[in-house]
Amino acid sequence: CISCLHVPWLFHRRRQWMAPRSVCRTTNGRTAGGSQKTSRRRRRGEVEPGTRRALVSGAGSGIGRCYARRLAALGYDLVLVGNRQQPLEEVRTEILGEHPRCDVRIVTCDLARVGAARELFDRTQADGLTIDVLINNAGMFSFCDTLRTPEERIEHIILLHDLTNTQLCRLYAAEMARREIGRAHV
């Protein structure tokens, strides 16, 4: 309310952190006209459901899965990208169980190839999917000594981690700039 300052965390005199109260102490949650507040304050990063879309690569497991679940909880529609269909389907089922209004699309694509970024970008454009947040999370590693790692594997790692990620950032950021949106995230 206007008579309060919003402080995210209050320092208690006993030196313990306390979460802020959800009701104003001075007005008991009432506005100047005396009516009860009806609008809910959005959490950090939260959007109106269905108004923004995020693309998460490597969404079939690990951190990518966590990103996808968190973005769905914040109201984002999703494009899940990975090189295997089954883990992506499992993540979609999990997300839809928690957030049934979320639009979750799946794109199976091996991003460790030359031209993969353009292929993914063209596919989302052809499907009419506007991407507002890009999470470049796909990754692969070799837990062997570099001398024992096959050259082909090293090339795939470099393609995925460097070339494809850079090209995805360039393609989606250029599209976001064309739309002149104020808060796009790559």
Side-chain angles (χ1 to χ4, degrees), residues 8 40-143 152-186:
R40 182 178 69 81
R41 187 179 190 117
R42 292 198 196 288
R43 295 176 291 173
R44 184 177 196 176
E46 188 175 17
V47 298
E48 184 68 32
T51 61
R52 298 280 187 124
R53 184 176 307 275
L55 184 147
V56 182
S57 67
S61 63
I63 295 171
R65 178 180 161 271
C66 293
Y67 272 123
R69 292 184 66 215
R70 179 69 177 140
L71 288 164
L74 291 171
Y76 287 86
D77 289 337
L78 299 170
V79 177
L80 307 179
V81 181
N83 59 354
R84 296 179 326 191
Q85 181 80 16
Q86 186 204 7
L88 296 173
E89 292 285 351
E90 291 170 3
V91 172
R92 175 169 52 188
T93 302
E94 182 179 341
I95 289 170
L96 291 176
E98 297 169 1
H99 310 284
R101 293 185 350 188
C102 185
D103 178 24
V104 183
R105 309 284 181 98
I106 291 178
V107 177
T108 305
C109 181
D110 179 11
L111 296 175
R113 298 177 293 111
V114 173
R118 173 55 74 176
E119 180 184 312
L120 176 59
F121 179 78
D122 289 346
R123 183 161 175 191
T124 57
Q125 293 295 298
D127 291 345
L129 303 175
T130 302
I131 305 300
D132 300 296
V133 175
L134 173 64
I135 305 289
N136 272 326
N137 180 70
M140 66 168 54
F141 302 97
S142 177
F143 297 102
E152 183 179 299
R153 176 103 173 140
I154 292 172
E155 288 175 8
H156 283 235
I157 291 170
I158 292 170
L159 281 172
L160 179 60
H161 291 199
D162 296 329
L163 181 65
T164 300
N165 281 344
T166 303
Q167 288 177 336
L168 284 173
C169 286
R170 181 182 172 279
L171 291 166
Y172 283 106
E175 191 262 333
M176 291 173 192
R178 268 193 300 280
R179 289 187 286 132
E180 297 179 354
I181 61 173
R183 294 192 62 147
H185 302 281
V186 176

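- The shortest side-chain heavy-atom distance between Phe121 and Leu55 does not fall under the 4.5 Å cut-off.
- The ring-ring contact (aromatic ring centres under 6.0 Å, His included) test applied to Tyr67 returns no partner, not counting sequence neighbours.
- The line from CZ of Arg101 to CG of Asp77 is 10.0 Å long, rounded to the nearest 0.5 Å.
- A distance of 9.0 Å separates CG in Leu171 from CD in Gln125, rounded to the nearest 0.5 Å.
- You'll find the side chain of Asp132 reaches within 4.5 Å of the side chain of Arg179, heavy atoms only.
- Taking every heavy atom of both residues into account, Ile131 and Met176 meet most closely at O-CE, 3.4 Å.
- Across Asp110 and Ala116, no two heavy atoms sit closer than the pair O-CB, 3.5 Å.
- Dense packing is recorded around CG of Leu96, with more than 12 heavy atoms of other residues, nucleotides or ligands lying under 6.0 Å away.
- Taking all atoms of both residues into account, the shortest heavy-atom contact from Ala68 to Val91 is CB-CG1, 4.4 Å.
- You'll find the side chain of Thr124 stays beyond 4.5 Å of the side chain of Arg105, heavy atoms only.
- Remark: Ile106 CD1 to Gln85 CD distance equals 5.5 Å, nearest 0.5 Å.
- Scored by the salt bridge (charged side-chain N to carboxylate O under 4.0 Å, His left out) test, Arg69 finds Glu94, Glu98 as partners (sequence neighbours excluded).
- In this structure, Glu155 has no salt bridge (charged side-chain N to carboxylate O under 4.0 Å, His left out) partners at least two apart in sequence or on a different chain.
- Across Asn136, Thr108, Leu120, a single residue satisfies side-chain contact (heavy atoms from CB on, under 4.5 Å) together with Val81, and that is Leu120.
- Of the possible donor and acceptor atoms, one in the side chain of His161 sits under 3.5 Å from a partner among the backbone N and O of Met140.
- Listed for the Thr164 side chain is no donor-acceptor partner under 3.5 Å among the backbone atoms of Ala117.
- One finds the OH atom of Tyr76 at 9.5 Å from the CD atom of Glu46 (value rounded to the nearest 0.5 Å).
- Glu152 is linked by a side chain to side chain donor-acceptor pair (under 3.5 Å) to nothing, counting only residues two or more places apart in sequence or in another chain.
- Between Arg178 and Glu175 no salt bridge is recorded (no basic side-chain N to carboxylate O distance below 4.0 Å).
- Side-chain contact check for Leu159 versus Val114: some heavy-atom pair is nearer than 4.5 Å.
- Between the side chain of Ser57 and the backbone N or O of Asn137, at least one donor-acceptor pair lies under 3.5 Å.
- Remark: Arg153 engages no residue in a salt bridge (charged side-chain N to carboxylate O under 4.0 Å, His left out) (not counting sequence neighbours).
- Gly64 and Val56 get closest at one heavy-atom pair: O-CG1, 3.6 Å.
- The two residues Val107 and Leu88 come nearest to each other via the heavy atoms O-CD1, 3.8 Å.
- In this view, Arg123 satisfies the salt bridge (charged side-chain N to carboxylate O under 4.0 Å, His left out) rule with no residue, not counting sequence neighbours.
- The structure places CZ of Arg170 at 15.0 Å from CG of Asn165, a figure rounded to the nearest 0.5 Å.
- With rounding to the nearest 0.5 angstrom, the CG atom of Leu78 is 11.0 Å from the CG atom of Leu129.
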